[in-house]
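Heavy atoms only: backbone and side chains are in, while hydrogens, waters and symmetry mates are out.
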Amino acid sequence: MKSPRIFSQTGWRRAGAINVSVTYICILVLLICFSLSISRKDSSILSTIIFEGPCATSSSINLFLHLLVNTISGAILASSNFFMQILSAPSREEIDQAHARLQSLDIGIPSFKNLWHMSWFKLISWLFFFFSSVPMHLFFNSTIYQTEYLGSEWHLTIATEAFTEGATFFPPGASLSLAGSSRPAGLSQIPLDVDDGGVRARQAYGDHVPLAEYWDTSSIVRRNITSVARKSHDWTVLNVKDCQAQYVSCKPRSTFGDVVIIVDSGAPQSAGWTRGELFDFQSPSNLSSYWDPRVPPEGINSLWFSTQCGTLRYPTGYGAHDSCFNSCLGALGSDLGLDDGFGSGAAPGYWFQPENTPPPQEPWFLTFFVAIRERNQPGLYQNRGFNGKFDSLHVRYCLAKPNQGTCKVGVSNALLLVVIGCVFIKGLQATIVVWKLPSASLVTPGDAIQSFLAAPDSWTQGFCTLDIADSEQLEYEPFRPRAPDICILPSGATHARKWKKRKHRLASAITSSAWVRTYAILVPSLIMLIAGLGVSSVSAGNNYSYSFDHAGRLLVAQFSLTYFGALLLVNTPQLIFSSCYFLYNAIITRQFVEKEWNSFSSGFRPLRVSYPTGEQVSTYRLQLPYSYGIPMIAISISFHFFVSNAVYLLMFEGGYVNLDYFGSPELLPLFHLPNGSTIALGFSPFFFLLLLIASFIFIVCSPVVIGLQKLKYQMVAGGCNSLVISATCHASDLATNQQTTDEISGSLQRTVNVEEGEIELLDRQTRAGNEAGQPLTLAQRKLRWGAMTLPRHLAEQMTMGDGREVFHLGFGVVEDGIREPDEDHYYA
């Protein structure tokens with residue numbers, strides 16, 4: 001057998017060869033990406049970190065790669081759908097077998113119905129394409145992942161402006177309060193050198209530091225304070241409202257880290273405070289002798305307080321009313337969470353719910369000591385000599401250190417390898433289909449018309465007024481067998497039917513069962529989307545702001561997830577959308593088939609077939625015009641991108657999110673994440689809303705809106721139904737006489753069964769014959785549907801009892817005198 005020259009062919013095989021080429025190009029690109037990923041340092045078969053750097057750059061790379069992934073996925077799946085439609089297109093033999101049972105097959109559209117009538121080769125090939133698409137839907141988007149940095153640790157300093165300009169300071173600060181303590185050291189019954197951090201931390205003044213650490217110039221605490229004093233003047237200036245929003249809150253340290261709260265001293269000297277101004281220790285105590293060598297009573301101290309802080313978020317497990325812990329709220333003068341009852345539980349500190357955070361206030365007066373806030377001043381005023389003039393400190397502004405948190409972009413090598421395998425299966429199977437599809441499938445309605453005109457179907461003889469409603473009635477209602485030579489019309493009578501002009505709409509060309517099947521999937525999917533929007537909206541506090549920063553948009557399943565369990569959970573919506581899109585594409589295609597079919601009633605038009613001869617034409621597309629097909633592919637790619645951003649896996653580093661009960665720490669090594677990181681289920685209300693609006697407009701409503709269009713011309717409806725097409729293809733005597741049925745049937749047999757190389761030879765011979773003046777067959781000429789003279793063999797059977805003339809409806813040529821059917825005339 002000669003090797004077929006695919007690219008010299010016309011019709012779907014040439015388009016199929018182009019699709020195969022695109023598929024292999026995608027395989028090559030994916031293999032190069034896999035090789036580059038697996039060859040990087042510290043890579044593994046499971047995953048590779050391909051970028052580590054600024055979070056803004058990481059987000060841009062992640063966005064670009066996901067757009068690229070969805071574009072490649074969309075192209076591959078579009079190619080796969082092309083071949084699935086080719087494979088579901090029936091051959092003439094398969095149609096004849098179905099018609100013998102008065103069952104129709106679909107022509108020119110994606111069809112599940114046809115599968116049960118296909119050959120084993122077609123069915124198995126179709127299943128290969130279908131099942132190789134499932135892993136792509138479930139895993140392709142997850143081959144690229146991003147980690148976000150949400151910091152927890154930060155350092156708080158309260159000082160005057162002079163502190164940042166090189167002024168002197170004496171740790172632990174003018175407040176004499178150790179980090180972690182809400183009271184000046186020595187004002188409690190606990191000795192100065194005893195660690196009472198457990199008691200002190202519950203009042204949210206940061207991590208406890210022993211007093212001796214402040215006076216050791218080589219200690220980490222002392223070096224940190226010195227570093228802040230030297231470098232903070234270059235930090236970002238925040239006004240008091242922005243400062244409160246950042247630090248008197250549950251926000252992670254993703255934008256800013258350490259902070260210096262700049263306050264007015266309230267003393268005669270603006271540079272700071274003296275210990276003598278703040279405290280007047282009474283003689284019975286030994287506090288003066290203890291503090292004098294370290295914090296001189298007359299020395300100006302530009303530092304008030306310094307401590308190490310932490311902010312944690314504990315998700316509740318359903319995305320709403322999370323618990324937050326800010327270990328420095330008390331030092332910032334806030335009692336947020338103090339009375340909520342959280343502090344007596346598992347961990348010390350100020351616990352609160354993020355939605356209860358009060359709005360920032362201006363001016364901001366910071367009441368540092370909790371005793372003053374609780375109006376329990378005796379511990380400070382009596383026998384300690386604290387000056388009430390300094391109860392509150394006026395905050396001027398803040399200096400915040402820009403956070404240089406590192407974010408990462410990774411590739412899941414294992415998933416990428418699975419995807420490459422699936423794409424390779426598609427490419428190999430597509431090659432086999434293009435080369436070896438054993439019979440000429442009737443891919444377009446033009447192919448079917450050509451076949452039925454060449455060899456009319458005896459099962460539909462006399463059914464010339466049959467439309468889609470009649471066909472559905474025949475298929476789904478009981479009928480009795482009949483001989484091929486007896487004409488039984490859908491009404492059950494043996495006489496002609498009266499023509500009634502109807503204003504058909506596109507929707508009427510689709511069977512009610514097809515509408516029911518489509519919307520039985522679309523409507524529940526839309527309800528699930530509404531439910532997802534509701535859950536995400538409530539959990540995010542109805543915040544629909546667009547952002548690729550997913551902080552605060554966290555939904556954690558109340559069970560641990562395995563690796564593939566997590567992937568299935570976040571990517572199942574991709575599979576659901578693909579199912580919806582398949583049905584949507586099928587119903588839109590049906591409507592465009594009907595528009596093309598209806599146009600044959602307006603004038604003489606050439607058939608659009610897979611292998612054109614004579615006056616026939618061919619296009620690379622199957623059915624949808626490129627002006628609709630390409631936008632629909634773009635819509636599919638966009639929807640897959642939206643879905644991937646509506647529900648996804650969140651990967652956090654920095655320790656901000658704490659999942660003691662809901663996390664899956666066993667997943668961390670699979671993504672090259674350090675201990676303390678978090679993997680959870682995330683969502684975006686913005687993309688849920690975008691998906692809902694776009695789905696309602698494009699997926700749910702557009703088929704109905706398009707279906708409301710009126711068909712321009714009078715013609716039987718059902719251009720994708722094989723029974724309807726067959727019934728219109730019983731030629732008049734004039735057309736039949738141009739070429740005998742045996743000759744046409746022989747030509748049909750050659751067209752159906754010849755090898756690819758012979759098809760090309762037949763095409764050249766036919767064209768050469770046409771140029772030599774030989775007559776064209778009926779199907780090779782331009783055709784029109786309409787009324788014509790009743791063929792003799794039908795006229796003998798269909799004569800009306802009252803002598804009224806009966807006409808025929810079908811496809812014919814100019815010589816047949818085709819005209820529009822007349823109201824109340826009889827046709828058979």
Side-chain angles (χ1 to χ4, degrees), residues 18-80 132-149 404-431 548 550 563-564 566-567 570-571 574 637 640-641 643-645 648-653 667-674 677 679:
I18 295 172
N19 276 274
V20 170
S21 301
V22 171
T23 301
Y24 282 123
I25 290 173
C26 290
I27 293 174
L28 181 61
V29 170
L30 293 175
L31 280 173
I32 292 173
C33 293
F34 177 78
S35 300
L36 293 175
S37 175
I38 202 70
S39 63
R40 290 178 65 92
K41 184 180 179 180
D42 298 329
S43 67
S44 69
I45 190 61
L46 292 175
S47 61
T48 301
I49 300 299
I50 62 173
F51 175 81
E52 186 170 356
C55 292
T57 305
S58 172
S59 294
S60 299
I61 293 174
N62 179 63
L63 174 61
F64 170 77
L65 290 178
H66 269 97
L67 285 171
L68 180 63
V69 162
N70 281 278
T71 300
I72 294 175
S73 173
I76 294 172
L77 292 173
S79 174
S80 182
S132 61
S133 296
V134 174
M136 292 191 62
H137 289 303
L138 294 179
F139 302 138
F140 204 177
N141 264 291
S142 294
T143 56
I144 305 296
Y145 64 89
Q146 177 191 14
T147 69
E148 296 187 44
Y149 180 82
Q404 299 298 323
T406 298
C407 294
K408 303 172 184 176
V409 177
V411 174
S412 177
N413 295 322
L415 297 184
L416 184 56
L417 196 58
V418 171
V419 170
I420 291 173
C422 292
V423 180
F424 180 77
I425 291 173
K426 288 181 179 296
L428 183 61
Q429 188 61 46
T431 303
F548 284 98
H550 303 307
Y563 180 54
F564 285 102
L567 296 176
V570 299
N571 288 302
Q574 297 277 2
I637 294 173
H640 280 294
F641 177 71
V643 172
S644 69
N645 280 280
Y648 42 81
L649 282 182
L650 281 171
M651 301 181 190
F652 292 130
E653 295 183 74
L667 299 182
L668 299 182
L670 303 179
F671 295 95
H672 273 74
L673 296 179
S677 300
I679 298 179

- For the pair R40 and I50, evaluate side chain to side chain contact (heavy atoms under 4.5 Å, CB included) and give the outcome as yes or no after the intermediate values. CA-CA 8 Å; R40 290 178 65 92; I50 62 173; 4.1 Å; yes
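- Using bins of under 30°, 30° to 60° and over 60° for the plane-to-plane angle, the ring pair H137/H640 lands in the parallel bin.
- In this structure the side chain of Y648 never reaches within 4.5 angstrom of the side chain of V570, judged on heavy atoms.
- Between S47 and Y145 the shortest side-chain heavy-atom distance falls below 4.5 Å.
- No donor-acceptor pair under 3.5 Å is formed between the side chain of T57 and the backbone N or O of G53.
- Residue S644 holds its OG atom at 12.0 Å from CZ of F140, rounded to the nearest 0.5 Å.
- In this structure, a donor-acceptor pair under 3.5 Å is present between the side chains of Q146 and S59.
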- Message: Is there a side chain to side chain contact (heavy atoms under 4.5 Å, CB included) between F139 and V134? Walk through the geometry before answering.
- Response: CA-CA 9 Å; F139 302 138; V134 174; over 6 Å; no
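- Remark: the backbone N or O of I38 is paired with a side-chain donor or acceptor of S43 at under 3.5 angstrom.
- Contact check for S79 versus K426: no side-chain heavy atoms found under the 4.5 Å cut-off.
- Side-chain atoms of D42 and T48, non-hydrogen and from C-beta on, never get closer than 4.5 Å to each other.
- Looking only at side-chain heavy atoms (C-beta outward), S142 and N571 come within less than 4.5 Å of each other.
- Note that CG of N70 and CD1 of I144 are 11.0 Å apart. Values are rounded to the nearest 0.5 Å.
- Between K408 and E148 there is no salt bridge, since none of the side-chain N atoms of the basic residue sits less than 4.0 Å from a carboxylate O of the acidic one.
- Contact record, C407 with Y149: SG-N, 3.4 Å, taken as the closest heavy-atom pair.
- Heavy-atom minimum distance, S37 versus N413: OG-OD1, 2.5 Å.
- In this structure a side-chain-to-backbone donor-acceptor pair under 3.5 Å is missing from N141 to V69.
- Between V29 and F34, every side-chain heavy-atom pair lies at or beyond the 4.5 Å cut-off.
- Shortest non-hydrogen contact noted between T143 and L416 is CG2-N, 3.6 Å.
- The backbone N or O of P54 lies less than 3.5 Å from no partner atom in the side chain of S58, so there is not a single donor-acceptor pair.
- V423 places a side-chain heavy atom less than 4.5 Å from the side chain of T23.
- Residue F51 holds its CZ atom at 10.0 Å from OG1 of T147, rounded to the nearest 0.5 Å.
- For the atom pair L68 CG and I72 CD1, the distance stands at 4.0 Å (nearest 0.5 Å).
- In this structure, C55 and T406 approach most closely via the heavy-atom pair SG-C, 4.2 Å.
- Side-chain atoms of N62 and H66 form a donor-acceptor pair, as typed in the model, at a separation below 3.5 Å.
- In terms of modelled atom types and a separation under 3.5 Å, the side chain of T71 and the main chain of L67 share a donor-acceptor contact.
- Counting heavy atoms from C-beta on, the side chains of M136 and I76 come closer than 4.5 Å.
- When all heavy atoms are compared, the tightest approach of S132 to I425 is CB-CG2, 4.3 Å.
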